[in-house]
Q: 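Mind having a look at this structure? Questions to follow.
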Amino acid sequence: MNDIRLIREKPEVMREALAKRQMDTAPVDRILALDEERRAKLSELEALRAQRNSASKEIGRMKEQAQRETMKDQVRVINIQIDALDTLVGELDAQLQEAMYELPNIPDADVPIGKDDSENVVIKTVGTLREFAFTPLPHYELGTKLGYLDFERGVKLAGTRFYVTSGPLAKLQRGLIQWLLDHHIARGYREFGLPFMTKEEIMLGAGQLPKFRENLYHDVERDAWFVPTAEIPLTGLHMNDILNGDDLPLNYTAYTPCFRKENLAAGKDTRGIKRGFQFDKVEMYKYCKPEDSEQELQNMVADIEDILVQLQIPYRVKELCTGDLGANSTKTYDLEVWAPGIGEWLEVSSASNVRDFQARRSNIRFRRAPGAKPEFVHTLNGSGLGVPRTMIAILENYQQEDDWIEVPQVLREYVRLDAIK
RNA sequence: GGAGGGGUCGCAUAGCCAGGUCUAGUGCGGCCGCCUGCUAAGCGGCUCUAGGGGGUUAUUCCUCUAGCGCGGGUUCAAAUCCCGCCCCCUCCGCCA
């Protein structure tokens, strides 16, 4: 969520942000009107309440019965006005809140302007694409051929877009998660074991609701929503907290499955294990002081790059343009790996500076010094990494002529296998 | 699922039965000052958050409103009474 005071004082900043994102600027005017009316009515309401409060106290002190009754009648009249105004202010509040929830974050000034994902900017490409002496197979053919990847049984169990791994492939999956977590821990992140469901208010605070309601799975009886990413509970951890400035930055990491109800048509985009309704991911998350968030974003990207360097998989870093930037983010880098079998660059990680957007929604603040005024923290999130797509990259890059797969050197002690045959 | 106890301004507690000087008291902790060769003790003062309005203008000041787990209700007035919900503790039942 954005700062209402910023919109009140410099609406042009918000209009410009929306224009850069290829969005309509009309909500800004609606918000300005609602805010002005709300404040005017609120002042009236509070003045009446002050009147009631002092009158009530006076009644308490009065000795004479007749006098008291006259006074009570007067307050009853005030109360009718208070009720009406209270209802009105409540409605204005709700409308304003809803409009504010819909507004996206303001892109950083240096984010490239562009209309959509075709105008994202490749910052760098690292590693050389392997030359194959044979035609590399896509992972879904390779895995099926080996008998360790079973799409039919996934559908049998849970319907379309689910699959089952087994044997060495299941082991690779588990070992990869373990290695990723250890990688982050070694670089100063603290691991968390989190609930895979959160309350609606946590989803709202992280900016997942109300926007992505139709993409989330949830329990209709309890207030419990399946997480689409560990970013949600990692944000919720410190909801309503006032952190100690000396403890910042906080670097967190967590593994969770992710549940996303993305209703895409079957075809190239959903073939294989690229885009299931459920997938594993190790997430990285930072809470920091506002002045440090740009540097922390760079640090996080460096941490992610190190994973890919160690896995020895060619990758490239893209900076998203304003037209493709997620609503929460002010600046995002996508890391993409080369998958020779399907012949695509695959997004395995997306690292974003969210600045104070989630902190304001979730009310997460810090104090620079004891007694100092609380300020909103900045938060950042990044995947480190999405597991299925990393598996695709490993399978397809490390495949050998007779349909077996070499296990990347760094993973061998985790997977306890040198090869998947 | 049942019975009982509980949730109060960092922590601990009082206030609730008998609604109104509760502007929520006290202790601990924390901050500032005094005293002091130094430290400790002692003494005095201060202590949360959000929002609105006003004066100043990028320090701060004045004032009002709201907040005692959450949401409703009763009342001129609710920490206090009533209803619903959530969470924690103890015991019982159920399931592993």
Side-chain angles (χ1 to χ4, degrees), chain A residues 1-10 13 31-101 194-195 197-205 209 218-225 233 236-248 290-291 356-377:
Chain A
M1 189 154 56
N2 291 282
D3 187 355
I4 182 68
R5 270 171 290 205
L6 174 75
I7 297 171
R8 204 181 283 159
E9 283 155 29
K10 294 178 182 165
V13 172
I31 284 167
L32 286 173
L34 279 170
D35 176 54
E36 201 179 324
E37 196 187 350
R38 188 192 79 95
R39 279 184 297 140
K41 297 297 174 192
L42 187 61
S43 283
E44 272 183 60
L45 174 63
E46 289 184 348
L48 285 171
R49 283 207 175 123
Q51 222 176 306
R52 178 179 67 186
N53 288 347
S54 64
S56 289
K57 274 192 185 149
E58 225 175 299
I59 291 171
R61 285 191 297 262
M62 282 177 175
K63 296 276 180 279
E64 209 173 315
Q65 198 56 31
Q67 244 185 347
R68 287 169 84 118
E69 290 309 319
T70 317
M71 196 72 164
K72 281 189 192 181
D73 285 341
Q74 285 174 18
V75 179
R76 270 189 274 260
V77 173
I78 294 175
N79 273 341
I80 292 167
Q81 299 174 58
I82 287 179
D83 280 348
L85 267 174
D86 198 26
T87 307
L88 178 60
V89 170
E91 280 162 9
L92 290 168
D93 242 344
Q95 285 174 37
L96 183 61
Q97 191 73 264
E98 197 187 315
M100 288 296 288
Y101 272 143
L194 300 165
M197 297 182 194
T198 65
K199 299 176 188 170
E200 183 168 355
E201 68 178 62
I202 304 292
M203 289 282 166
L204 267 167
L209 285 173
H218 75 109
D219 183 329
V220 293
E221 290 170 349
R222 281 186 91 241
D223 178 21
W225 300 67
L237 277 177
H238 289 303
M239 189 171 204
N240 296 325
D241 281 355
I242 298 178
L243 303 167
N244 183 346
D246 293 337
D247 295 339
L248 300 178
E291 63 271 26
D356 61 4
F357 195 77
Q358 282 174 329
R360 184 170 286 112
R361 284 173 94 126
S362 291
N363 191 29
I364 305 167
R365 293 167 295 168
F366 76 102
R367 266 189 240 277
R368 287 183 189 275
K373 226 181 144 47
E375 301 169 52
F376 289 114
V377 297

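Every chain is numbered from 1 and lettered A, B, ... according to where its sequence line falls, protein lines coming before strand lines.
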Q: If B:G51 has a Watson-Crick or G-U wobble mate with both distances under 3.5 Å, name it; if not, just say none.
A: B:C64
Q: At under 4.0 Å between heavy atoms, what does A:L42 touch on the DNA or RNA strands: base, sugar-phosphate, or nothing?
A: sugar-phosphate
Q: What about A:R38, does its side chain sit under 3.5 Å from the base of B:G53 through a donor-acceptor pair?
A: no
Q: Could you work out the separation of B:C46 and B:A40 based on their C1' atoms and round it to a whole Å?
A: 22 Å
Q: So, is A:N79 near the phosphate of B:A77, with a side-chain N or O under 4.0 Å from OP1 or OP2?
A: yes
Q: Counting only side-chain N and O atoms of A:R39, is one of them less than 4.0 Å from OP1 or OP2 of B:G53?
A: yes
Q: Taking only N and O in the side chain of A:R8, is any of them less than 4.0 Å away from OP1 or OP2 of B:G52?
A: yes
Q: In whole Å, measure the gap between the P atoms of B:G33 and B:U39 for me.
A: 13 Å
Q: Give A:A50 one of three labels, base, sugar-phosphate or nothing, depending on what nucleic acid heavy atoms sit under 4.0 Å from its own.
A: sugar-phosphate
Q: Check whether any side-chain nitrogen or oxygen of A:N244 sits under 4.0 Å from OP1 or OP2 of B:G10, and answer yes or no.
A: no
Q: NA contact type, A:N53, heavy-atom cut-off 4.0 Å: base, sugar-phosphate, or nothing?
A: sugar-phosphate
Q: Suppose we define a pair by two distances each less than 3.5 Å, Watson-Crick or G-U wobble; what does B:C38 pair with here?
A: none
Q: Please tabulate, one pair per line, all N/O donor-acceptor pairs under 3.5 Å involving side-chain atoms of residues 77-92 of chain A, not counting sequence neighbours.
A:
from: A:N79; atom 1: OD1; to: A:R52; atom 2: NH1; distance (Å): 2.9
from: A:D86; atom 1: OD1; to: A:R49; atom 2: NH2; distance (Å): 3.3
from: A:T87; atom 1: OG1; to: A:D83; atom 2: O; distance (Å): 2.8

Q: Tell me which nucleotide among B:G20, B:C48, B:A50 gets nearest to the side chain of A:K373.
A: B:A50
Q: Which one is paired to B:G84, where only Watson-Crick or G-U wobble pairs with both distances under 3.5 angstrom count?
A: B:C70
Q: Does A:R5 have a side-chain nitrogen or oxygen under 4.0 Å from the phosphate oxygens OP1 or OP2 of B:G51?
A: yes
Q: B:G51 base to A:E46 side chain: any donor-acceptor pair below 3.5 Å?
A: yes
Q: Counting just side-chain N and O atoms, does A:R52 come under 4.0 Å of either OP1 or OP2 of B:U65?
A: no
Q: For B:G30 and B:G10, measure between their P atoms and round to the nearest Å.
A: 16 Å
